[in-house]
Structures are given as C-alpha cells and as structure tokens.
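Here is the structure we will look at, set down as structure tokens.
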Amino acid sequence: MTESSAHHLRAGGTSLVLDCEGDRLPRVLHWGPDLGELGAEDLAHLRLAAAQGPRAAGPDRPVPLALLAEQSAGWMGTPGLTGHRAGADFSTAFTVTGIRRNASTEAAVAETLTITAADRDAALELGLEVQMLVSGLVRMRAAVTNTGPGIFDLHSLDLNLPVPLEADEILDLTGWWGHERIQQRHAFTHGTHLRESRRARELDAAVVMAAGRHGFSWRSGELRAMHVGWSGNARTYAERLNHAVGMLAGGELLLAGEIRLGASETYQGPWIYYSHGDGLDESAARVHDYLRARAQHPRTARPVQLNVWEAVYFDHDLATLKRLADIAASLGVERYVLDDGWFGSRRDDSSGLGDWVVSPDVWPDGLGPIIDHVHDLGMEFGLWFEPEMVNPDSDLARAHPEWILAARPDRWPPEARHQQVLNLTIPEAYAHVRDQMLAILRTYRIEYLKWDFNRDLIEAGTQSTGQASIHEQTLAAYRLMDELIAAQPGLEIESCSSGGGRIDLGILDRCVRIWASDVTDPLERQRIEAGTSLLLPPEMIGSHVASPISHQTGRTTTIDFRAGTAFFSHMGIEWDLTGASEDELARLGEWIAAHQEHRDLLHTGTVVHGDHPDDAFWLHGVVAKDHREAIYAFASVHSSRHTTPGQVRLPGLEPDRRYRVTQLLTDTAGRARRGSSTAWWDDGLTLTGRALGTVGLQMPNLSPEQQVVLHVTTT
Ligand code: GLA
C-alpha cells in the first residue's frame with residue numbers, strides 16, 4: 001500500500017486510518033485508540049484484515065463503509081447524500097479527484113486531509129475536510145456543489161465514522177426546560193437510533209451520542225462519541241445493519257426545499273466532532289482540550305458575575321440595582337449583568353422584544369447611571385439581548401410584520417412566550433437589529449452580552465417565498481455575533497436559550513459561556529452540569545448561587561451546597577442579595593474568594609467523575625494537568641440504603657505521587673461534620689494516588705443535599 005493510498009492521522013491518543021485505494025470515497029480502517037507508527041506493510045495488512053468476504057444474499061464484492069455512505073458502493077443503510085435533480089440523480093457515485101494532506105497553522109489542529117470528489121453523471125462535486133485535532137478529537141465536514149445546469153434539491157448530507165461490534169450500548173442526552181441533558185441509554189441493536197432536532201434548539205437534543213461496550217461509565221469502558229456542531233436543526237444517529245457494521249452519523253437536518261442548489265452553488269455542512277475514550281471522562285477531555293486550544297477560548301480568569309434576573313426580574317429600579325451592585329462588589333464579584341427589561345415597552349414578557357432602545361420610562365437618564373456605578377465599583381458590565389426574537393406587540397413587528405419567520409404571510413407559527421422569530425435572512429431586518437445593538441454598544445461601555453433565544457423555530461420560513469429558512473437564519477445569527485465581536489474587540493458573549501437550549505460547538509465558536517439551565521437549584525444543577533460536561537469544560541458553563549429557596553423547584557438548600565456547586569464552573573450569583581442575612585453573605589464571600597484562589601486549577605484541569613456504586617452519591621472533580629493538585633466534591637443526592645458512603649475512590653491522580661487530602665470550606669452548619677465518623681477529617685491524610693484511586697477513603701455520612709469539597713495537593 002503506498003503512502004497516497006492510505007492515510008494514518010494521529011494525535012492525542014487517537015488514530016484514524018483511511019483507506020484511499022482506488023477512486024471511491026475513503027473508507028475507515030480504524031478510528032479509535034492510537035495504533036502507534038504504522039509502515040506501508042502495516043497499512044496494507046490492516047486493509048487485508050478489514051476486507052470482508054462475500055455475504056449471503058449480499059453484494060458479491062462488499063465495499064467497506066466510506067465517510068459518506070453510498071448505495072452505489074454497497075451500503076444498504078442510510079445514504080450520506082440524498083436529493084435529486086428534477087426527479088433524477090437520486091443516488092450518488094462519487095469518485096475521488098484529489099487528496100491533499102496539510103499540517104495546520106491553527107494551534108488546535110494537527111492536520112487536515114482535504115478530499116475532493118465528483119459524480120459527473122449527477123453533476124455534483126463533493127469536498128470533504130477531515131481534521132485530526134491535537135487533542136485526539138476528529139472533526140469532519142462536507143460541502144456539495146451543483147456543477148450542472150438547473151437545480152439540485154439537497155435533502156441531506158451526513159458523514160459518519162464506524163464503530164466496532166463491541167459497541168452494544170448507546171448513550172445520548174435528552175431533557176426539557178430546567179432538566180437539560182438527562183442521560184439515557186439503549187441497546188445498540190440492528191436498526192437506526194435517530195435523534196432529530198427540529199426546533200433549532202437543544203433543550204431536548206441528543207447533543208452527544210456515544211456508543212460503547214455495555215455498562216461503559218465515566219471512568220471505564222471503550223466508547224466512541226459524536227456531536228454535530230450546529231445551532232440549527234440537526235440529525236444524529238447510530239446505525240447498525242445485519243452485517244455487523246455500525247456507524248455514528250449525522251449532519252444538518254434540512255427541511256423540504258430548504259437547500260435548492262442552483263448552477264455552481266455550494267452547500268457547506270457543519271463540523272461533526274468525533275471523540276473516543278476508555279470511559280466518558282476521557283472522551284469528554286478530548287473535547288475540552290480542543291476547546292481550550294482554540295484561539296478564541298478565553299485566556300483571562302473567568303470573572304465571578306452577578307446576574308440580576310432572579311433578584312429583580314422585570315422590576316428595574318435604579319436604587320435597588322445599585323444596592324445589588326454594592327453588595328456584589330463587596331463580596332468580590334467582578335462582573336454585573338443587567339438582564340431582560342431595560343428596553344422598549346418590555347415591562348413583562350408580553351411586549352417590547354425587538355425594540356433595542358433604552359426604555360425612557362424605567363431608565364429616564366439612560367443606562368449610564370447603572371453602568372457608571374458598576375464600573376466605579378471595579379466590575380465589568382454585561383447586558384441582556386434576545387436579538388433574533390420579537391414580540392408581535394412591539395414597534396418592530398407592527399412596522400414590519402413581513403420580517404417574521406413564517407411559512408406564509410397569513411399563518412404565523414403559534415406564539416411561544418408571546419414571541420416570534422425575526423427573519424434575519426432579510427437584509428433590512430438584519431441591518432436593523434445590528435444597528436440598534438451597535439448603537440447601544442457605542443453609547444455605553446459594555447464588556448459582555450447575554451444572548452438569549454427563548455423560543456423554538458417551527459414553521460420557520462420566509463413569508464415572501466414560502467421557503468424554509470432555518471439554515472440561512474442560523475448562518476445570519478452567527479454572522480451577527482461575528483460582526484458585533486469584530487466591531488467591539490474583547491466583547492464576550494454568553495449563549496442562553498431558555499437556560500441551556502443552545503450549547504453546540506457552532507455557537508461556541510463565538511460564545512465563551514453558556515447558561516446551562518434556568519434551574520439554579522444545586523441538586524438539579526449537579527446533574528445538568530454532569531451531562532453538559534460531556535461536551536463543555538467547566539469554565540464555559542455558567543453556574544449561579546441563588547436564593548435559599550429555589551425559585552424553580554421550591555427546594556431549600558444550604559449556602560454551602562449552593563455555592564459549593566457553582567464553585568466548580570464559571571461562578572456567578574443570581575439572588576436578591578439585599579434580602580440575604582449577614583451570615584449568608586459572609587459565607588458567600590468565602591466561597592467566592594476560594595473560587596478565585598482555585599479557578600486556575602478548576603478552569604484548566606481535567607474533569608473527572610466517580611463511578612460510585614450507589615447512585616445516592618456523586619463525586620466529581622478537577623485534576624491539574626500536571627497532576628500536582630485536585631479538587632473534588634462528594635455529594636449526597638438522595639437517601640442511601642447504606643449506613644455510610646463507604647470508601648470513596650478519588651479518580652485521576654498520578655499513581656506514584658503522594659497526596660495530602662484536606663477538606664475545603666467545611667459545612668459551617670456542621671451538619672456534614674456531626675454525622676461524620678471519618679478519622680482523617682480534622683487533620684487530613686496522606687496517601688499515594690494509587691491508594692486514593694483504588695482503595696479510597698471514608699467519606700462523612702451525608703444527608704441528601706449535603707456535600708463536602710476536598711483539596712488534594714502533592715506533598
Ligand atoms: C430566559 C433566560 C433567563 C432570563 C430570561 C429573561 O428565560 O433563560 O435567564 O434571561 O429569559 O426573560
């Protein structure tokens with residue numbers, strides 16, 4: 001096998017070996033753990049090892065699955081490209097016209113393989129980019145160009161990577177408002193496990209789909225995982241046919257007639273990310289390391305922020321908002337975010353959305369008084385927008401009803417939160433919202449935007465043409481963010497969508513933080529953030545300390561449980577601090593100081609989770625990349641059937657190092673401590689990483705909704 005007929009891409013513990021022999025699209029000989037150096041003979045024999053014999057009642061010469069699956073190459077499952085040209089050309093047969101392999105200048109990218117192919121009969125050209133990222137993540141995207149006359153109607157353009165027969169279980173995510181990223185598992189049997197996101201939001205989307213050996217857990221079990229990095233509609237599926245081939249596949253979900261390629265027009269699909277690992281932590285770490293290596297990843301300490309939403313909701317009163325700023329600053333808060341309600345007629349959620357002009361009713365002197373006050377206190381200022389949305393009861397919607405995304409002028413989508421979506425594919429609508437936002441950004445010193453997106457895109461078309469518009473709308477939203485960041489260098493954007501409804505890697509090319517959920521109850525949050533950590537590192541996950549009684553669940557929790565939960569992520573506060581007791585404020589200040597002391601570790605280290613055999617107990621933590629330090633949280637989430645949690649293992653430490661384990665900010669109420677029977681609690685203990693990881697240590701007896709935080713340092 002010659003160098004040009006096989007490509008072995010290696011980085012970060014991953015090998016991807018592509019068989020490029022002949023002129024059919026590249027087939028995968030291996031994707032997964034690093035195979036080490038492979039010579040020409042190894043590659044040739046890997047190909048021999050992979051070659052299938054004839055199958056009963058199947059094609060005489062079976063062809064292995066290619067990156068883009070084609071029926072013409074013998075694939076009987078879901079084809080990678082579907083579409084037609086006036087009813088013909090329903091199936092493609094691409095032949096490769098060129099392969100280029102380039103080292104990359106981008107820090108996060110090791111190398112890129114660019115493959116061009118053509119189907120001359122169907123008059124289509126295909127461009128495939130396959131990148132090996134330094135962290136061992138693989139990402140791929142496809143573009144298709146219509147090289148013929150007339151229209152090619154594109155229905156789908158999916159890519160895939162194969163998974164071995166050992167992968168007999170699928171894990172993916174689902175959820176709803178306030179309960180984002182619930183993990184669900186299924187047997188990976190013959191057939192297709194398809195997750196479609198048809199609302200251009202991710203509250204209930206798969207987000208991550210993993211396939212691995214039955215029972216794979218945070219710490220062990222071979223698995224492979226994928227994510228579609230796109231904020232519009234998406235498809236993610238695991239498919240296995242009766243001849244043992246399995247794949248993880250996906251791409252953008254296109255609506256009927258959404259992509260009609262005219263002569264020489266190109267459709268570019270989104271990046272699809274693929275990771276693998278021995279356990280979910282290892283697979284997630286490849287995504288985290290990639291995100292951290294990108295040029296746009298925030299390099300500065302993540303400022304602790306106060307968001308005023310749960311403190312005041314729509315009730316904007318300057319004196320109260322200033323008082324909140326004073327208290328926040330006295331606790332060490334570094335950024336203050338003014339949420340919804342500052343513009344137009346927006347006194348509740350029924351009107352004003354889309355009119356991005358400071359309300360003279362509630363802000364007679366403009367936003368200057370609060371922004372100056374915040375800056376004088378040494379904090380940054382952030383402001384809430386929902387740029388893609390509009391209330392029908394707004395000046396904008398009254399002036400331009402034709403700017404609302406709808407299948408027909410006389411049939412708007414059902415309202416959700418009293419709102420509709422502004423059609424940003426209409427240049428005048430786009431320019432209007434951009435210019436209103438720029439005017440605010442130019443008038444005031446604003447360092448941060450909270451960018452909300454509070455309804456589903458359904459029946460989202462352009463009224464004048466009747467054409468589905470989610471693809472173009474998604475690109476326009478990206479463009480708007482890009483333009484604002486370019487106009488205001490250093491501007492940071494948070495992605496929010498009724499909480500955690502927009503967290504994909506497409507939006508996160510532009511945003512530095514997501515609001516993981518509208519639910520700030522720490523018990524719910526720990527589970528939501530565990531699911532979110534399958535994709536995102538803690539510094540990108542916004543987590544806030546809220547009031548003692550949760551506004552969403554009514555559950556009462558201690559300041560230590562609340563603050564000790566937000567402590568690990570991009571920490572913030574969302575609580576009417578004017579009503580907090582002196583003790584609570586003092587304790588919150590201690591947690592903020594501890595976060596600021598340790599956030600370098602928390603926001604650069606490797607995220608780990610424990611596989612505690614009793615689901616009443618959760619353990620998660622962050623281990624420094626040099627393994628010199630770690631912080632863990634051990635929490636009780638419901639009553640256990642055991643009298644004690646037993647000896648709990650601390651994962652991720654270096655086996656031969658000796659570590660000192662002490663508690664960090666013990667529960668002041670002493671509740672955790674009173675029940676504790678651990679001999680090491682007061683003075684700590686010292687053990688090797690091996691002993692801590694395989695024997696573990698007794699944890700205090702915790703009641704539900706209590707947690708302890710442990711600090712582990714090398715001796
Ligand atoms: C959404 C967000 C909240 C808040 C409100 C404001 O629900 O998720 O955090 O910003 O909108 O209306």
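Every number for a ligand or one of its atoms is a count from 1 in the order of the listing. If you're wondering where the values come from, they're calculated on a predicted model, not measured in any experiment.
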Task: Salt-bridge present (Glu380, Arg445; N to O < 4.0 Å) - done: no

Open item on the list: Distance under 4.0 Å, heavy atoms only, partner ligand 1: which residues pass?
Closed with: Trp309, Asp339, Asp340, Trp384, Arg417, Lys450, Asp452, Asn454, Cys496, Ser498, Gly499, Trp515, Asp518

- [ ] Could you list the residues that satisfy salt bridge (Lys or Arg N to Asp or Glu O under 4.0 Å) with Arg195, not counting sequence neighbours?
- [x] Asp172

Task: Pair Glu705 + Arg555: basic N to acidic O under 4.0 Å - done: yes

Task: His603-His598 aromatic ring centre distance below 6.0 Å - done: no

Task: Partner residues of Arg408 under the salt bridge (Lys or Arg N to Asp or Glu O under 4.0 Å) criterion, sequence neighbours left out - done: Asp410

Open item on the list: Going by the rule side chain to side chain contact (heavy atoms under 4.5 Å, CB included), which residues pair with Thr565 if we only count those two or more places apart in sequence or in a different chain?
Closed with: Pro522, Arg525, Gln526, Phe561, Gln707

